[in-house]
Amino acid sequence: PTSAFTNAFTNAKAGMEGVDREMVKRVVHDMSVNSAHFATESRKEAAVEAKILAMKKRAASIRPSALATIKAAVDDRVARMEASRDLTKTWVHVDMDSFFASVHILERPELRDVPMAVGGMSMISTANYAARKFGVRSAMPGFIAKKLCPQLVFVDSDFAKYKHYASLTREVFKEYDPQFDAGSLDEAYLEISAYCAGKSMTPADVAEALRREVREKTKLTCSAGVAPTRRLAKVCSDANKPDGQMVIEPTRDAVAALLSSLPVRKIGGVGKVLDRTLAAFGIATCGDLLRERALVVALFSEVQSDFLLGVAIGVGGEARPARPPGWAPQRKSLSQERTFAPTADARALAAKIAALAEEVAAGLARENLLTRTVTLKMKRADFEVAQRQTSLPRPTNDAQTISDAALRLFRGEKNTHGSLRLLG
DNA sequence: TACATACAC
DNA sequence: AATGGTGTATGTA
């Protein structure tokens, strides 16, 4: 049977309209099926299926009376969320169009019309629209992409360039919302209700102006979504890619109309596993989620059901995160990991661990940080991952101390690790 | 605290 | 021949 993860690269994505998805699926499957990677992915999938089966059993054992009780409580929860709905904020999610690829095209315009991907034979991070027509897309191994599109050209990534262009976009974002929130190099959330009021402009016009200014300052295009919550703005920025935008009017009805048929997978935070889990209970859209809310509450943790109920009615992510003046993001971890040709040579592996520890120590020093916990990550040649962790007696940024701790963890694993393809 | 998993980009 | 790297959150024991 075609394993579900071979569908990973065939999901609808901007620029992939008209792609022969069955053909792409077949190529991906054929190129993968005899690999160690495929075997491990299949095993992981089986684990997910088992988890889903256990949930189904649990669902089947819920008595109708219990479900009725839950239903009443859920409706109460939903009513409270509904009462907290805030339609006064105007969020814009700006998302640069195939950012890395577009940056390279700026400097080499001839790459616009030839299929091109940033990355190499093992992995690609972005593809231009000419390549997407062939089913090539981000997170796809390059050798599979090359099979789908033999003319595909690879370009090495260049983060210095991306950072440069990201800073230009941020200059623009700042004018519209000085407190804008950049999640990554190529996207940001802005809350523009004050800007709209001050300029007497509609949110749609502001989004148009912002996109025009980004294009003028960077020669790059972006897409935007406008909505009363961040979550919905993000959904909208994807809807009319590339170089497009979408607005959800700030009314309960407009939000509900959009959600009724919106696939849950479109929501940030709903990934492959949650999507499949929900699908097993007949939940494919946010509308389904709302209809099956009692089941959702019965089956999922409180944290997760809070999230899912909010998704179902379009509430959540309207308030700007409370940040005292001078606030800076506090990092919780700092890591280095590297993939290499699989080896079981303990001395070579130990040398890699020492080198990684040096890099981590340098990173800690650069940011004036100390660590109390050291984690060693190992990926075996068969793609199985294991992590071992230890707490140090006192915080440090000393390379030798970090290296020694990691090497102790490594030696403790010696019997089991065999050949490794990654250390971190 | 240790470890695994899910997710985003 | 060939499937990445960095960081956060959450569940469970």
Side-chain angles (χ1 to χ4, degrees), chain A residues 5-6 8-9 13 28-29 31-45 47-48 50-51 93 95-96 98-100 117-126 137-147 154 156-157 159 162 166 182-189 230-231 234 237-238 264-277 300-307 329-342 356 359-360 363 367 372-379 381-392 409 412-413 421-424:
Chain A
F5 94 85
T6 59
F9 303 118
K13 185 87 208 250
V28 171
H29 180 270
M31 296 293 285
S32 299
V33 67
N34 290 318
S35 67
H37 183 258
F38 187 96
T40 301
E41 288 300 315
S42 302
R43 203 156 51 241
K44 284 190 206 154
E45 282 202 346
V48 169
K51 195 193 80 185
H93 181 250
D95 198 326
M96 301 302 294
S98 50
F99 182 54
F100 293 178
V118 178
M121 280 302 249
S122 37
M123 184 56 65
I124 68 189
S125 58
T126 326
R137 54 170 292 176
S138 59
M140 179 180 271
F143 68 94
I144 294 180
K146 197 85 179 168
K147 185 79 173 185
F154 291 122
D156 284 336
S157 61
F159 279 85
Y162 310 149
S184 64
L185 288 176
D186 79 324
E187 62 181 289
Y189 293 93
R230 266 172 302 184
R231 203 135 71 198
K234 169 113 170 120
S237 69
D238 192 53
V264 287
R265 187 67 168 86
K266 293 278 184 192
I267 302 285
V270 179
K272 194 171 67 160
V273 171
L274 183 52
D275 184 45
R276 288 181 62 182
T277 305
F300 290 91
S301 72
E302 187 159 343
V303 172
Q304 198 136 41
S305 63
D306 262 338
F307 166 71
Q330 266 292 284
R331 79 151 69 235
K332 302 191 171 167
S333 65
L334 188 155
S335 65
Q336 288 282 316
E337 66 185 63
R338 211 141 297 143
T339 296
F340 43 79
L356 290 165
E359 292 179 52
V360 168
E367 297 190 36
R372 223 157 39 83
T373 309
V374 173
T375 302
L376 177 69
K377 176 175 174 179
M378 294 159 285
K379 191 190 279 180
D382 65 3
F383 292 87
E384 285 292 349
V385 175
Q387 291 190 166
R388 296 295 175 257
Q389 183 183 330
T390 186
S391 299
L392 302 172
L409 292 168
E413 291 299 306
R421 71 180 338 269
L422 171 147
L423 280 167

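This one's a predicted model, so the numbers in the text were calculated from it and none came from an experiment. Numbered from 1 within each chain, the chains take letters A, B, ... in sequence-line order.
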Which part of the nucleic acid, if any, lies within reach of A:Gly142 when heavy atoms closer than 4.0 Å are counted: base, sugar-phosphate only, or nothing? nothing
Just to be sure I understand the rule, does A:Ile124 reach a base, reach only the sugar-phosphate, or reach nothing, if contact means heavy atoms closer than 4.0 Å? nothing
Rounded to whole Å, please give me the gap between [atom1] in [X] and [atom2] in [N].
X        : N     : atom1 : atom2 : answer
A:Ile267 : B:dA8 : CD1   : P     : 11 Å
A:Phe100 : C:dG4 : CZ    : C1'   : 12 Å
A:Asp275 : B:dA8 : CG    : P     : 10 Å
A:Arg231 : B:dC7 : CZ    : P     : 15 Å

By side chain to side chain donor-acceptor pair (under 3.5 Å) - contacts of A:Glu367 (at least two apart): A:Arg331
Is a donor-acceptor pair below 3.5 Å formed from side chain A:Thr339 to base C:dT3, judging by atom type as modelled? no
Strictly under 4.0 angstrom, non-hydrogen atoms only: write out the protein contact profile of nucleotides 1-6 of chain B, one letter per nucleotide from the 5' end, B, S or -. SSBS-S
Mark up nucleotides 8-13 of chain C, 5' to 3', with B wherever a protein heavy atom is under 4.0 angstrom from a base atom, S wherever such an atom reaches only the sugar-phosphate, and - elsewhere. BSSS--
Heavy-atom nearest nucleotide on DNA chain C taken for A:Phe143 and for A:Lys377; more 5' hit belongs to A:Phe143
Nearest-nucleotide wise, let me know which of A:Gln336 and A:Phe383 is further upstream toward the 5' end of DNA chain C. A:Phe383
Of the listed C:dA2, B:dC9, C:dT3, the closest approach to the A:Arg421 side chain comes from C:dT3
Given C:dT6, B:dC9, C:dT3, which nucleotide is nearest the side-chain atoms of A:Ser335? C:dT6
Could you work out the separation of C:dG4 and B:dC7 based on their C1' atoms and round it to a whole Å? 15 Å
Just jot down the ring-ring contact (aromatic ring centres under 6.0 Å, His included) partners of A:Phe300, sequence neighbours excluded, or say none. none
Those residues at least two apart in sequence (or on a different chain) that pass ring-ring contact (aromatic ring centres under 6.0 Å, His included) with A:Phe100 are A:Phe159, A:Tyr162
[X]: side chain to side chain contact (heavy atoms under 4.5 Å, CB included) partners, not counting sequence neighbours:
X        : result
A:Leu423 : A:Phe340, A:Leu349, A:Lys352, A:Ile353, A:Leu356, A:Leu376, A:Met378, A:Leu420
A:Thr373 : A:Thr375, A:Gln389, A:Ser391
A:Met31  : A:Val27, A:Phe143, A:Ile144, A:Lys147
A:Val385 : A:Lys377, A:Lys379

Would you say the side-chain atoms of A:Ser305 pair up with the backbone N or O of A:Glu302, donor to acceptor, closer than 3.5 Å? yes
Got a donor-acceptor contact below 3.5 angstrom from the A:Thr126 side chain to the A:Val118 backbone? no
